[in-house]
Amino acid sequence: MGRLATLLKYADAGPNERKKLLNSNAFRKAVGEKTVVKLQEASDIAETTLLQEEVLKKVVEGAEPAVCFRDILPIIKTDSYSVRVVKSTGGEYAEDIAEGGVIPVNTTELSKVDITINKIGTRPLITKEVIEDALFDIVEIELEKAGRRMENKLNRDCLYEILSGITTTDTDPATDNYFKVSDIATALKKVKTENFTPDTIVMHPHAEGLLLQDSNLVYVAYAGGDQTLRTGKIPTLLGLKPYTCSVTTGSTSYYWDDTDSASHYMALVIDSKNMAYIGMRRDLTVERYEDPIHDLEGISVTMRYGVKTIQPKAGNRILTT
């Protein structure tokens with residue numbers, strides 16, 4: 001039984017049972033001594049925020065395994081319903097100036113990109129019967145699932161925005177059923193040619209699996225770096241930090257899957273500092289939760305954010321093979 005489930009069991013117990021739990025080594029180990037002290041000082045757990053805090057922690061824990069694009073893209077905090085990003089074209093050059101000469105003003109035009117903030121949400125599948133039957137382990141599981149759904153949605157929105165926003169020529173692996181380091185090098189070249197500095201590669205699990213078959217990674221193992229063979233994790237490649245993302249785009253225009261067809265993609269090489277931004281109005285939040293026990297059946301998890309392409313040429317799409 002996890003920490004949250006243990007606290008829920010305590011909240012649901014009668015006075016005598018609570019005393020027994022507070023004196024139980026198993027209970028004290030599960031919740032920690034600091035929490036035990038707080039519970040002893042409060043006349044009722046409802047007077048504390050312990051359960052509310054643990055519910056949010058459980059949601060965040062559920063989201064963590066799915067975290068991808070929030071680790072990649074810059075996050076801009078905002079208190080408004082939209083964020084305005086001012087940008088220049090990039091790739092300009094300074095000029096030669098004679099001694100004592102006037103330094104010319106840069107005439108590059110600035111443009112703006114507005115990131116519209118939207119709200120997403122989900123409700124954990126926690127029924128009245130689950131609460132009545134004290135199935136608190138199920139509560140933990142459903143909260144974790146809710147967190148995972150929220151992070152999947154953020155990843156989906158970021159992925160679709162980037163796939164639909166990139167304007168460089170797609171990279172098409174030359175050999176069917178293979179994805180090699182050389183294909184990554186081609187995508188890298190296309191982004192660098194636009195005067196951006198690619199630092200990240202995002203792959204569909206299909207691309208990751210194909211890449212692990214590339215003999216170049218095996219040769220690295222022969223040279224003494226056997227991390228890939230031992231852990232199954234792809235190391236930094238050509239200066240790119242690797243991520244694997246298994247969500248779908250939810251779009252009929254841009255696909256992220258293992259199908260070899262037009263508009264189906266399996267990898268992205270991007271300059272993470274310039275490709276797109278996430279505007280964050282409010283991160284993961286648990287709403288409508290006051291009663292430590294009974295409100296669990298009606299809580300919802302929400303988040304307010306937006307994502308927008310900033311520099312369309314700061315990335316390259318790799319077609320599925």
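We count residues from 1, following the sequence as given.
- Between the His206 side chain and the Thr321 main chain, a donor and an acceptor come within less than 3.5 Å of each other.
- Residues Val55 and Leu296 meet the side-chain proximity criterion, which asks for heavy atoms closer than 4.5 Å.
- In summary, the side chains of Asp170 and Tyr265 do present a donor paired with an acceptor at a separation below 3.5 Å, with no hydrogens or angles considered.
- Shortest non-hydrogen contact noted between Thr167 and Lys313 is OG1-CG, 3.4 Å.
- When all heavy atoms of Leu319 and Ser263 are compared, the closest pair comes out as CD2-N, 4.3 Å.
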**Request:** Under the side-chain contact (heavy atoms from CB on, under 4.5 Å) rule, what do Tyr277 and Val83 come out as? Steps first, then yes or no, please.
**Result:** CA-CA 10 Å; Tyr277 291 170; Val83 184; over 6 Å; no
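- The closest side-chain heavy-atom distance from Ile141 to Lys145 is below 4.5 Å.
- Rounded to the nearest 0.5 Å, atoms CG (Leu163) and OH (Tyr254) are 8.5 Å apart.
- Connection of Met280 to Val60 is established within a shared hydrophobic cluster, with ILVMFWY side chains joined at heavy-atom distances below 4.5 Å, either directly or through further cluster members.
- No donor-acceptor pair under 3.5 Å is formed between the side chain of Trp256 and the backbone N or O of Ala267.
- Val301 places none of its side-chain heavy atoms less than 4.5 Å from the side chain of Leu56.
- Side-chain heavy atoms closer than 4.5 Å link hydrophobic residues (I, L, V, M, F, W, Y) into clusters, and following such links, possibly through other members, connects Leu240 to Leu212.
- Within the 4.5 Å cutoff, no side-chain heavy atoms of Leu7 are placed close to those of Phe136.
- The 12-atom threshold is not exceeded at CD1 of Ile103, counting heavy atoms of other residues, nucleotides or ligands nearer than 6.0 Å.
- Transitive grouping of hydrophobic side chains (ILVMFWY, heavy atoms separated by less than 4.5 Å) keeps Ile162 and Ile115 in distinct clusters.
- Criterion: ILVMFWY side-chain heavy atoms under 4.5 Å apart, direct or through other members. Under it, Val67 and Met303 are not part of a common hydrophobic cluster.
- In this structure, Glu161 contributes its side chain and Lys308 its backbone to no donor-acceptor pair below 3.5 Å.
- For the atom pair Tyr305 OH and Asp283 CG, the distance stands at 10.5 Å (nearest 0.5 Å).
- Contact check for Leu154 versus Glu151: side-chain heavy atoms found under the 4.5 Å cut-off.
- Linking Ile, Leu, Val, Met, Phe, Trp and Tyr residues whenever their side-chain heavy atoms come within less than 4.5 Å leaves Val113 and Ile278 in two separate clusters.
- Residue Thr168 comes nearest to Gly315 through the heavy atom pair OG1-O, 2.6 Å, listed as atom of the first residue, atom of the second, then distance.
- The closest side-chain donor-acceptor pair between Asp183 and Tyr178, if any, does not fall under 3.5 angstrom.
- Rounding to the nearest 0.5 angstrom, the gap separating the OG1 atom in Thr244 from the CE atom in Met203 is 4.5 Å.
- Pairing each heavy atom of Pro198 with each of Lys192, the nearest pair is CD-CG, 3.6 Å.
- The shortest distance between side-chain heavy atoms of Glu194 and Gln311 does not fall below 4.5 Å.
- Between the side chain of Arg156 and the backbone N or O of Thr248 there is at least one donor-acceptor pair closer than 3.5 Å.
- With hydrogens and angles ignored, the 3.5 Å screen pairs a side-chain donor or acceptor of Asp44 with a backbone N or O of Ala46.
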Can you list, pair by pair, the side-chain donor-acceptor contacts under 3.5 Å of residues 72-82, counting residues two or more places apart and other chains?
| residue | atom | partner | partner atom | Å |
| --- | --- | --- | --- | --- |
| Thr78 | OG1 | Ser80 | N | 3.0 |

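- Between the side chains of Asn316 and Thr171, a donor-acceptor pair is found at a separation under 3.5 Å.
- Here the closest non-hydrogen pair linking His264 and Thr259 is CB-O, 3.1 Å.
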Side chains of residues 269-276: which donor-acceptor partners sit under 3.5 Å, not counting sequence neighbours?
| residue | atom | partner | partner atom | Å |
| --- | --- | --- | --- | --- |
| Asp271 | OD1 | Lys273 | N | 3.2 |
| Asp271 | OD1 | Asn274 | ND2 | 3.4 |
| Asp271 | OD2 | Thr197 | N | 3.1 |
| Asp271 | OD2 | Asn274 | ND2 | 3.0 |
| Ser272 | OG | Asp199 | OD1 | 3.1 |
| Ser272 | OG | Asp199 | OD2 | 2.9 |

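- Salt-bridge check for Glu41 with Lys38: failed, with every basic side-chain N at 4.0 Å or more from each acidic carboxylate O.
- Between Lys128 and Glu132 the shortest side-chain heavy-atom distance falls below 4.5 Å.
- Of the possible polar contacts, none joining the Arg28 side chain to the Glu33 backbone as a donor-acceptor pair under 3.5 Å is found.
- Under the rule for a side-chain contact (heavy atoms from CB on, under 4.5 Å), the partners of Glu287 that lie at least two apart in sequence or sit in another chain are Lys119, Arg282, Thr285, Ser300, Thr302.
- Counting heavy atoms from C-beta on, the side chains of Thr35 and Arg3 come closer than 4.5 Å.
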**Request:** List the steps and the verdict of side-chain contact (heavy atoms from CB on, under 4.5 Å) for Thr6 and Phe27.
**Result:** CA-CA 7 Å; Thr6 303; Phe27 179 84; 3.3 Å; yes
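- Listed for the Thr127 side chain is a donor-acceptor partner under 3.5 Å among the backbone atoms of Val130.
- In this structure, Ser24 contributes its side chain and Lys20 its backbone to no donor-acceptor pair below 3.5 Å.
- Scanning all heavy atoms of the two residues, the minimum distance from Leu159 to Leu268 falls at CD1-CD1, 3.8 Å.
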